[in-house]
Structure formats: structure tokens, C-alpha cells
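To find a chain, count down the sequence lines: A is the first, B the second, and so on, and within it residues start at 1.
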Amino acid sequence: MDFTLKIWRQKDAQSQGQFKTYQLTGIGADNSFMEMLDELNEHLIKNNEDPVHFDHDCREGICGTCSLYINGRPHGPQKAITTCQLHMRSFKDKDTITIEPWRAQTFPVIRDLVVDRSAFDRIIQSGGYISVNTGGVPDANETPITTSKANNAMDAASCIGCGACVAVCKNASAMLFVAAKISHLAQLPQGKVEAESRAESMVAQMDKEGFGLCTNTGACSVECPKEISLTHIARLNRQYYKAKQASDYIPDKEEIHEG
Amino acid sequence: MSMKFDSKTPGGPLEDKWSKHIFDIKLVNPANKRKFDIIVVGTGLAGASAAATLAELGYNIKAFCFQDSPRRAHSIAAQGGINAAKNYQNDGDSVYRLFYDTIKGGDYRSREANVYRLAEVSENIIDQCVAQGVPFAREYGGLLANRSFGGAQVSRTFYARGQTGQQLLLGAYSALSRQVANGKVQMFPRTEMLDLVVVDGHARGIIARNLITGKIVSYSAHAVVLATGGYGNVFYLSTNAMASNTTAIWRAHKKGALFANPCFTQIHPTCIPVSGDHQSKLTLMSESLRNDGRVWVPKTKGDNRIPADIPEDERDYFLERRYPSFGNLVPRDVASRNAKLVCDEGRGVGATGLAVYLDFEDAIKRIGRDTIESKYGNLFDMYKQITGENPYEKPMRIYPAVHYTMGGLWVDYNLMTSIPGCYALGEANFSDHGANRLGASALMQGLADGYFVIPYAIGDYLATRSYDMVPTDHPEFLKAEHSKNT
Ligand code: SF4
Ligand code: FES
């Protein structure tokens, strides 16, 4: 297969970037998108040109390292996969493919297609954990957890921290990422203890990093490779509201239902 | 050159060794722990859990990873589960049975004392992970679910959908993040270790490259912990992540750390075969597929009809034929060797001839497509995504691939390499899996080493050391830096 690639090239965070066009021929349909870029880079290196920098590691859709805006969509045209799971057979021969980095002020470009997502790490550091030290914890089966809670927590916990939700959002909001972590922990009895203070501090950090406000457009969830649901944002709002209500205790809906 | 191999395994009965050792270990006074700096390289299960726990104890930690975030280490890719001798299923499991299975599975080549300790602390790991909020699968009554894995006769594997590695790593990453926030861990992402610095025979620091600026920088400490994974990527293609490049343990080896059992490499039988010259890596599919899939190749060489056109009596179900009592569920190494054998005979299938069929036609007839879909839906989707073929209609093609390395840096009972002050944890060391690792035991070992072994073991060494730091302009640092800059 032959492709025309329009790729964003940018030397570093300070420089102006621009698109550059490359022609690539004889790409196998079974190649992954990243292998296609590997091939491009081999040509560039042979011609003494600077290879295109892009992030990747596991290449099996789980580490969350890969990114890329492909033809105007994060992680490319298919639903529920990461860029590294995309294969060239999803494109037509002679297609023009436009490749850009994640676009968000909070994810500054480091070089070409590589961006800095360390804001996500700082949000987790601000409270995305349960405060336990190693050792001295109760037996794992001491606290039963309903399968529905465990499953919901697992749904939320499956976020891979790729940042597609921020990249696609017109406000560059990180709500889906933050909500996924808050919702994962808030649904488990172990995580409930700190649920409210966690929501408060993670939201504060999110604001401090400069992520935009959520206006419920829902593009994040549509483009999320792990299909993280918007209901987690609702749960975040509830936790946050509870925290803001100071000490007034408001039972959350699920507690009322489940007794 | 002769070297003394002293594993420093404590005496006494097997089951008392670890508790006796913990008691005998010299302690570092809590107020003095903050006078020691420890470098931890790698933030997978072993590294993140070690960094977090050592920081909780009061040590100052510098943690390094080449990824953009510590959450992305390759431990994340493990799908299947984590073993622990909890015996929650009341099916006869015990610390001794997990120990015994591990030793036997490893062909009696592992160090018994280390393995017994691993089985012992396996129980604490599950408690710890649940306390951190790892969303393990549960039964309707709310208790933890288990399954049996890799041919084990008891159900001792805990799992979190097909993402057990990811969820355990996120647990360790959260503990690590908490210590970063507390200022006890200084995190260096996008930084790759290039060399180990040894001063007066002791590991005293590392040389690392900042992968953004390219700058080479020296870091000094009182001990260095390598938790940098295995060496699977020395093979041209493996299932390891792209950047898992083996540099750290190789450099340590060049600096004098002995390497043990490098030939013990685990070849996983159910990987998606190579499709072309530009393939960058291989993808593993859970071997649970062999519970229902039948493995076969054509009986005659060079038979390139499509599978549906090959009649039953012209197919060779070679595992069922050669191992009638195990059938398709033979151990990993046996399945892998036999697949290679039939391909070497010229009976491999697909465009490259380097693949065998894994066929679900009979299983779909027997238990229905819906049941197959509920059991393996994700895997079938993944296969289709990568190959463009529909495994409900056409048999899957699989081929063995390098997946895990049991060998690694030689360590003593304290996980110290043959360089004093340099430790190796998780897949980077050699001690626990002998010649063959059991399924669902890699995650267990990484977390055992990081959460429960190194935090005690390192005190035995540090208690004998002075608080003085080696300055990074010491000749050994300068020499190592210089050799990297030229
Ligand atoms: S919520 Fe989805 S899109 Fe956002 S970081 Fe997590 S996995 Fe990526
Ligand atoms: S490279 Fe790991 S998710 Fe794409």
C-alpha cells in the first residue's frame, strides 16, 4: 500500500511546528500503524534526516504510552483501540494520513508527536491512592465486596492514562481521567474512607494544572480506547459535592439502594 | 578467576528460615534511615513496590524509569493473574504446595529457600493489593474469586479481568505516587540507566541519560536496586515492550555482577505469528485458549489448502496424538517445542509456514459460539484486530515466542548481586523460577521482592555502612560518565 503522510514536526516546546509531507510506498496491509512509522523512520535515517519522534512501548494496547491524532481523531478511526492496535488495512491504498500530537496546553509538545503528560502523574500524586503502608493490613477476604461494586470499580480502573480524553475535548478537560480514578477508589470500601478528600484534592490539582472545565459534551468517552463511561464523571461530581458540603453527610444513591 | 558463591541462606528448617532471618537481620534505626539514599531503577511491579515501601520506611529514594510515567512499565501487560497460597477455595493449597509446585515446575533448578519465602509472602501480597484498592474478581458472596492456571491442580490464581498486571501495577504506582507527594521518592521518568558505578567494590550510584535533553548525569547513593526486568529482547522478536532493552542488568554484569542461567528462557506457545519483515514485536494471547482450542497442522508437507478444505483424516492433531493424557494442555515448553518441530518438518501453516492452527470449531459445536465468546471474546477480538481474520470462522494461527527469562543476575538470599550494595529484583534476578516459570508467578515474584523482601533485606547491608555519600565528581563517576560520552 502507498500513503501520503502529513506529519507534525516540531523541534521542541519553544519552537514553532509545521506539517511535513512524506510519501511512503510498499507498506504491508498487516503492518501496524507504528510499524508503518518505523518504516518511515528507517528511510529518514538512511537519508540522514531526523526521524519522527513518537511515544510507544508495549504495542499491545495496555501501557497507555502511544498517542497520536490521526486524521482528526485520537488513536485513529477505529473505536475502542489505541494507536498501537491500529493496522494499515484500516486505510485505503493511496490515502493521505494526517498525524498530529495530542493538542492541549497542559500536554506541551516535547518534540514532533511526543507530548508531556506528567500533569496526569501529578494529579495521581495529589490523592489518587488509598493511604496504606506496606504490611499490617487486614486479610483480603475480611471485607466482602459485591460483584457489582467490584465490576464497576474495575471498569473505572481500566483507564490506561493515555490522555486521549483531554486531547479530544474542546475544553481540554481531564474530567474523564480524574473521574475514572476517583470512581474506581470510591466504590471500594477500602477507598471510601478518603473518598471526599481525594475528590477535593484531585480536582484542585486538575485545576491547578490548567485543564479546562467539563461541559458534558461526552467526546472523551466516545474516543476513550478503554470506553470509560461518563457515569464516572457523575460519581466524581457527587463525591466532590459531598466534600464541598463540609461535614454534612449525604448518603449517595447507591447506599440508599443497597441498604 | 575464582569466586566464592555464598548464597547466605540461613540455616535451620525451611519453614523457619525467613522468620529467623528477619529476626537476625541488623536493623537500621528509624531515625537513621533518612541518612541513606537508595537508587531504584525500573518502576514495574518490583521497582515501584520496592521504591514505595523503602520510602515508607524512611529511606530517601531516587526512582528511575525510561517511560514517560512509572505507570507504564511492562508488568502492565501480564493478563492472566497472580498466584497466592491463600487456600480460599479449600482445595488443599498451602504454602508448601505452592513451594513444591514452583520447585517442580522449575525442574528443581531454583533456590529452595527463596522459593519457600516467595510462597510464604504470597499471602501478604493479596492482602496488600486489596488494601490498595486493586479490583480483583469476586464471587457473588463478595469474596475473592480464584481460578486454576497453567495446569495447577488447585485454584490459587487471583485476577482482575484480563488486566491483572495492569491493576497490580497501578496499585504499586499509587503507593509510589503517594511517596512522591510525601517527598520521600524523587522520580526520574524518561531517564535511562547507562552504567553502574562501583566504588571500592561497592555499588554507589548510576550514570543515566535524560531521554529528553540527552544529557548524561551521575547519581550517587548508598545502594542500587535494579528492577529492570528480563532480557527477552536480546532475541530479535519477543513479547516484551519495545524499550525493554536489557541495558541495566547487562551493564551491571559488565561491572562484575554474575549472571546465572541465561539459557533459561520461557517460550510461550500461544503467540500471534510473525506476519512480515517489518514486524516490531509479538503479541501474546492467554494460554487459557488451549482449554478449548485444538492444535493441528496438515499431515502432509506443503499442503497449502485452506483449513476448511483439509479433511479430518488429513489433519495431524499432534499434541493429542503424542500426549494423549494431556492433549492440548501439555505444559508451555512441550507445546512450544512440538509446534516448532512440525514447522521444521515443513508442515507449518500460513504465508510464512511458521504457525500451527488453534481450532475452535469443535468447541463451538460442543458448547456453542456464545459460550466461547463469553470465555474468550476479548482474545478473539484482539486476534482479529491484529491479523484481520475471524477466529470464529477460521482457525487461529499461533506460534511460540520468547516471553520471559528465568535467568538473570545472580543474587543471594538477600537479593544482593555479587556486587555488594547492588540488588536485583523480579525478573531481573535468577532465583525463583528455575528452568521454567509457572503461569501467574511472575507478578507474584515481582511484588514479593519489592513489598516484602528487599525492605528487610537491604537493612542487613546498610546497617554496616557509613552515611557518607560518594560525591559525583569521584573518579569512578567521572570515568563512567566519560565512557558514555565518547
Ligand atoms: S479515560 Fe480513557 S482516554 Fe482518558 S486517559 Fe483514561 S483510557 Fe485514556
Ligand atoms: S504502546 Fe502501549 S498502549 Fe500503545
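- With a threshold of 4.5 angstrom between heavy atoms, A:Ser131 approaches chain B through its backbone and through its side chain.
- Residue A:Asn151 touches chain B through both its backbone and its side chain, counting heavy-atom pairs closer than 4.5 Å.
- Residue A:Ser118: no heavy atom, backbone or side chain, is found under 4.5 Å from chain B.
- If you measure heavy-atom distances from A:Thr143 to chain B, the contacts under 4.5 Å come from the backbone alone.
- Applying the salt bridge (Lys or Arg N to Asp or Glu O under 4.0 Å) definition to pairs two or more places apart or across chains, those involving residues 155-172 of chain B are A:Asp155-B:Arg161, B:Asp93-B:Arg156, B:Asp101-B:Arg156.
- Using a cutoff of 4.0 Å between basic side-chain nitrogens and carboxylate oxygens, A:Asp121 and B:Arg72 are not scored as salt-bridged.
- For a residue to count as touching a neighbouring chain, one of its non-hydrogen atoms must lie under 4.5 Å from one of that chain's; by this rule A:Arg59 touches chain B with backbone and side chain alike.
- Contacts between A:Ile145 and chain B at a heavy-atom distance below 4.5 Å involve backbone atoms as well as side-chain atoms.
- A search for side-chain hydrogen bond (donor to acceptor under 3.5 Å, both in side chains) contacts involving B:Tyr451 returns B:Gln132, not counting sequence neighbours.
- Residues that satisfy the salt bridge (charged side-chain N to carboxylate O under 4.0 Å, His left out) test with A:Glu209, not counting sequence neighbours, are A:Arg122.
- Side chain to side chain, B:Gln163 and A:Ser158 fail the donor-acceptor criterion of an N or O pair below 3.5 Å.
- Contact residues of residues 73-82 of chain A toward chain B are A:Gln78, A:Ile81 (heavy-atom distance under 4.5 Å).
- For A:His53, no part sits under 4.5 Å from any heavy atom of chain B, backbone or side chain.
- A:Asn31 touches chain B through its side chain: at least one heavy atom from C-beta onward sits under 4.5 Å away, while N, CA, C and O do not.
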